S.K.: 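Submitted below is the structure of interest, expressed as structure tokens.
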Amino acid sequence: MLQYAAQILDASLTLNDSLVLDQVFLQLESGRIHALVGAGGSGKTLLLRMLATLLQPSKGELHLFKKAINFRDLKSLRQVRSNIGVQFQNLALFDFLTVGQNVGFPLEQDSELTKDISIQVKTALDSVGLDGRQEHAISALSGGMQRRVAIARAAVAKPKLLLFDDPSGGLDPVTTSRIFELIRTIQEENDNTVVIASHDIDRLVKLCHIFHVVDHGKVIFSGTLSEARQSTDDRVKVFLDV
Amino acid sequence: MSKPVETDSFLGNFGRTFITAFQTVGAMTLLQLRIFRSLLAIKNFDYDESVTQLFKIGVRSLPVVIATAAFVGALMVVASGNFVRATGATTLIGWAAGTAVFSEVGPILIGLMFSGRVGANNTAELGTMVVTNQIDALRVLGINPIGYLIVPRFMAMIVMLFFLTAIGDLFALTGGAITCRAVLGIDMRIYWQGILDSNLLSEFIMGLVKAIFFGGAIAIVSCHWGLQVTGGARGVGRAVNDSVVTSAIAIFMVNFFITVLWT
């Protein structure tokens, strides 16, 4: 039987009186790399924010790790969030902290992970090719380096669900390849469920197992690439370039 | 059947402004309650962040406060100088300057300077954190942004405005003394003796009580507008503007009520 890390069941979302997500049905199989593709403004970031429990569906349900999320129960919400890692589109690095402090931040919040934080931070920074930059200010790094710090921070606590919002945005092809390879390594090492929202179809096709196509606030397709090829919906073929 | 009121009519605009004002006050009250609730959960208190805020808010504001206070004291002496000279009641100069500085002008002007420097900076800082998703990042990491970011700022602003006002009072009186001698030609000893004889302890304490409430009001107002930011850099600018204006209104309102209750 399939195990799901996350399920969005018939969820709709209204923001500022407009319906931005419409009866979404999305299931994320555990231990797989999922791609979220669609035009800009189709609702990919909103779906990621909903999966990160930052947005509550106006209608419908969100299930994470086999539990329905109750947004009023702050204690259990905090517990669920400790199993989620997010790399935001604009990175959301704490500019008042150093590179090392940013990466170590999730570890400090979890009492079970506070042992040997400096070693864990060093290992995480080594894995993203930023060894020796622990004491640097965030502003002293290039865009690509900052993106790698954000990825290291999202993954350092080995969360069950890892969400990446446009991990290669504005980066050169070499750095982009490196970042996608990094995501693959993280997933293989920790067997976590990964979701990537991106427009970089070529690289997504090489990396991801399952594809979800989002259009005008609806998930219009979920499946493998070979299933996408058989789809009768032209939009799916256009977005996945099959 | 009566026609519905048009939304862009004078009445419609007035009503909308009224509702927005009430919504803002309501949101600030809720923020205040959440701050108090976080304060009670003392185990979540972030001491490092509190020390950082105390330094940033207090120590760095000292030069501005000293400069403002010294000129406020000088101004009070100059303003009462004509009356004193005309009547020959030179012994009253200390009383006049001391009363004004301690109870009204000192705390208000230092509070306004504080709101312009610290409150505006706080709104911009929090607003930038909102638009760059740093607040969301904290929430995903299971951290309550109120306990982690707002409570240390709230405490630091109250504590530091209290001490800054006390220090400011001292420099205001000193500024007044120098002006008394330099501009009015009245002996400084007469000025200081006038202050001591006037028994201004009650005014001094009232000024410090006002500073505590001003600090709390500036903290809540600036944090509220910072957390409400939407729409990028332009939104941050708008929030800073709203923060400074609302803080000034809050300072004058709080000042009025404390003065009425105290006297």
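Computation of the quantities below employed the complete heavy-atom set of this structure, encompassing side-chain atoms and omitting hydrogens, waters and symmetry-equivalent molecules. Every value quoted in this text rests on a predicted model; they were computed, and no experiment measured them. Chain identifiers are assigned alphabetically (A, B, ...) following the order of the sequence lines, protein sequences preceding nucleic acid strands; residue numbering begins at 1 within each chain.
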S.K.: Hey, are A:Arg184 and A:Glu189 close enough for a salt bridge, meaning a charged N less than 4.0 Å from a carboxylate O?
M.R.: no
S.K.: So which part of B:Ile143 gets closer than 4.5 Å to some heavy atom of chain A, the side chain, the backbone, both or neither?
M.R.: side chain
S.K.: Given heavy-atom pairs under 4.5 angstrom as the criterion, report whether the side chain, backbone, both or neither of A:Phe94 touches chain B.
M.R.: both
S.K.: Between B:Asp242 and B:Arg238, does at least one N-O distance fall below 4.0 Å, as a salt bridge requires?
M.R.: no
S.K.: Could you check whether B:Asp136 pairs with A:Arg49 (Lys NZ or Arg NE/NH1/NH2 to Asp/Glu carboxylate O, under 4.0 Å)?
M.R.: yes
S.K.: With a 4.5 angstrom heavy-atom cut-off, which part of A:Leu77 approaches chain B: side chain, backbone, both or neither?
M.R.: neither
S.K.: Is there side-chain contact between B:Ile110 and B:Val72, with heavy atoms separated by less than 4.5 Å?
M.R.: no
S.K.: For B:Leu138, is it the side chain, the backbone, both, or neither that has a heavy atom closer than 4.5 Å to a heavy atom of chain A?
M.R.: both
S.K.: For the interface with chain B, which of A:Ile84, A:Thr53, A:Asn90 has the highest count of heavy-atom pairs at distances below 4.5 Å?
M.R.: A:Asn90
S.K.: Got a donor-acceptor contact below 3.5 angstrom from the B:Gln228 side chain to the B:Trp225 backbone?
M.R.: no
